[in-house]
**Q** 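What follows is a structure written as structure tokens; I'll ask about it next.
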Amino acid sequence: MNLLKTKSREVWMLNLKPDFPALHGKDFAFLDTGASAQKPKTVINAMTNVMNDHYANIHRGLYDYSQQTTTLYEGVRGKVQSFINAKSQNEIVFTRNATEGVNLVAQSYGRRFLNEGDEVILTEMEHHANIVPWQILRDQMGIVIRVIPVTDDGVLDYDAFEKLLSDKTKFVSMVHTSNALGTINDVERIVKTTRAHDKDIKILIDGSQSIVHGAVDVQALNADFFVFTGHKLYGPSGIGVLWGREDVLNSMPPYQGGGDMIETVTFDRTTYKQAPARFEAGTPSIVDTIGLGAAIDYMNALNMGDVIAHENALLNATMDGLGDDIRVIGTANHKAPVVSFTIDGAHHSDIGMILNQAGVAVRTGHHCCMPLMQRFGIDGTVRASFGIYNDMKDVERLLSGLEKVKKLLL
């Protein structure tokens with residue numbers, strides 16, 4: 001993991017592509033990390049080793065394979081605790097992904113503690129995963145959804161948020177970093193304003209994008225829940241994390257029933273374990289969880305300051321290279337390495353296909369943010385999202401590909 005100085009910019013750049021087998025030596029630019037990141041060899045090896053050497057179900061086996069695998073699996077809980085600075089491993093709940101984490105909170109906390117007419121505040125830039133679960137809850141029990149609007153440059157209207165707060169506000173659920181715009185929201189301001197209004201309002205932060213691009217300290221954030229997913233953090237799919245305050249988690253009923261989350265079962269009555277076990281019914285995604293632990297180890301070996309500088313350099317080079325005929329959607333001053341754009345006279349799907357022919361992988365469409373697209377009067381964008389393995393050659397390939405797009409479509 002060397003640092004290289006580019007000729008075009010006075011910045012130090014990470015040289016991590018050799019760590020990623022799907023990218024090393026390949027003649028294309030992968031710019032879709034926002035959807036799902038590539039995996040380093042260390043993650044692949046950690047998962048392969050479990051399956052090759054000592055795979056077994058966990059927690060109840062007394063034989064060596066089960067004990068070894070259980071130790072690795074539960075060790076990841078401690079890694080996550082340290083990675084996000086949680087108070088206790090008991091605050092770390094393993095889920096399938098961030099989406100399941102939001103659904104768990106909506107169906108467990110929401111159905112227990114919210115009532116008809118209570119208001120839940122979301123933002124206009126939410127991923128569908130943080131909209132639909134609350135709509136389901138609304139349809140089930142009559143809660144009311146309020147929405148923080150987004151300004152023309154893709155920033156939350158914080159003054160409008162303050163006006164949304166009322167005696168009926170019981171929950172705030174919002175994205176930390178927008179997957180479609182790259183905007184890094186001032187969640188600290190949101191939390192502080194919410195707590196000043198009513199300290200009992202619960203707050204959930206969707207950190208699926210933020211966990212990848214900067215250090216997260218859940219104690220400093222001072223929210224009540226934080227969710228993220230493994231596959232965007234250079235780990236496998238099928239594994240995510242819900243962090244929640246331990247007292248809040250233990251006040252919530254189980255989300256699903258089954259093995260491993262119970263203390264006793266009779267046909268008359270079941271008693272449940274404390275968090276996190278009460279939310280982890282059934283055989284978990286054992287190998288994927290161990291893979292997540294390896295991904296956290298990989299990220300911990302990097303200097304987060306170097307990561308941020310590297311990704312900012314890629315973002316700035318891309319923004320500087322785009323022509324005036326390209327409309328960037330989301331121009332916040334504080335943003336992650338995500339560039340979402342449209343070109344008048346060219347459909348985003350056509351742009352994506354031509355870029356693919358030029359060896360550039362981008363995401364096109366609404367990015368699971370249809371209300372946000374409607375806010376900007378479009379049906380979708382082209383999104384280039386960068387990761388730690390990208391380099392300036394990837395930026396140059398993107399910009400060159402866009403020149404080809406203009407020649408063919410405009």
Side-chain angles (χ1 to χ4, degrees), residues 74-95 97-98 100-102 104-106 108-110 113 121 123 130 156 158 161 165 169-178 184-230 232-233 235 239-252 274-280 289 292-293 295-305 307-308 334 336:
E74 286 299 335
V76 178
R77 214 179 295 274
K79 292 180 182 181
V80 174
Q81 176 198 356
S82 177
F83 193 60
I84 63 174
N85 192 34
K87 282 186 177 180
S88 167
Q89 293 186 33
N90 295 335
E91 297 180 326
I92 308 302
V93 178
F94 291 133
T95 61
N97 42 46
E100 186 177 37
V102 178
L104 191 163
V105 173
S108 180
Y109 182 88
F113 294 105
I121 297 179
T123 81
N130 199 28
L156 291 180
Y158 295 99
F161 166 67
L165 291 167
T169 306
K170 302 300 179 183
F171 206 103
V172 176
S173 189
M174 64 173 294
V175 66
H176 196 171
T177 297
S178 169
I184 301 174
N185 292 316
D186 190 349
V187 294
E188 291 85 356
R189 178 176 177 179
I190 292 286
V191 172
K192 184 177 180 180
T193 301
T194 302
R195 299 290 187 221
H197 177 81
D198 183 347
K199 62 181 178 58
D200 292 327
I201 296 173
K202 294 298 183 285
I203 303 168
L204 181 148
I205 305 298
D206 176 1
S208 294
Q209 300 291 332
S210 62
I211 196 75
V212 187
H213 302 299
V216 168
D217 183 334
V218 293
Q219 293 190 65
L221 284 177
N222 195 30
D224 300 284
F225 303 100
F226 185 91
V227 299
F228 69 92
T229 192
K232 298 183 193 297
L233 189 62
I239 179 64
V241 170
L242 163 65
W243 168 82
R245 297 183 184 276
E246 188 171 0
D247 61 332
V248 177
L249 289 175
N250 283 323
S251 73
M252 295 160 51
Q274 296 287 88
R278 68 166 52 193
F279 300 111
E280 297 180 3
T289 304
L292 172 63
I296 290 174
D297 290 341
Y298 183 85
M299 293 300 292
N300 282 335
L302 304 175
N303 179 288
M304 190 52 70
V307 169
I308 294 171
H334 194 35

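We're numbering straight along the sequence, starting at 1.
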**Q** Quick check: closest heavy atoms across Glu246 and Glu91, and the distance to 0.1 Å?
**A** N-OE2, 3.4 Å
**Q** Would you indicate whether the side-chain heavy atoms of Phe226 and Leu204 approach each other to under 4.5 Å?
**A** no
**Q** Determine, for Asp224 against Lys199, whether the closest basic-nitrogen to carboxylate-oxygen distance falls under 4.0 angstrom.
**A** no
**Q** So, for Leu233 and Met299, which heavy atoms are closest and what is the spacing to 0.1 Å?
**A** CD1-CG, 4.3 Å
**Q** Within the side chain of Ser82, is there an N or O that forms a donor-acceptor pair under 3.5 Å with the backbone of Gly78?
**A** no
**Q** Side chain of Tyr109, backbone of Lys202: donor and acceptor closer than 3.5 Å?
**A** no
**Q** So which heavy atom on Ile201 is nearest to which on Arg195, and how close?
**A** O-NH1, 2.8 Å
**Q** Keeping Asn185 on the side-chain end and Val175 on the backbone end, is there a donor-acceptor pair under 3.5 Å?
**A** yes
**Q** What orientation do Phe225 and Phe171 show, parallel under 30°, tilted 30 to 60°, or perpendicular over 60°?
**A** parallel
**Q** Keeping the roles fixed (side chain from Asn85, backbone from Val218), state whether a donor-acceptor pair exists under 3.5 Å.
**A** no
**Q** Assess the side chains of Arg245 and Asn250: does a donor N or O sit below 3.5 Å from an acceptor N or O?
**A** no
**Q** Does Ser173 offer a backbone N or O that forms a donor-acceptor pair with the side chain of Asn130 under 3.5 Å?
**A** yes
**Q** Between Ile211 and His176, is any pair of side-chain heavy atoms under 4.5 Å apart?
**A** no
**Q** Which of these passes side chain to side chain contact (heavy atoms under 4.5 Å, CB included) with Ser210: Val216, Val187, Leu221?
**A** Val216
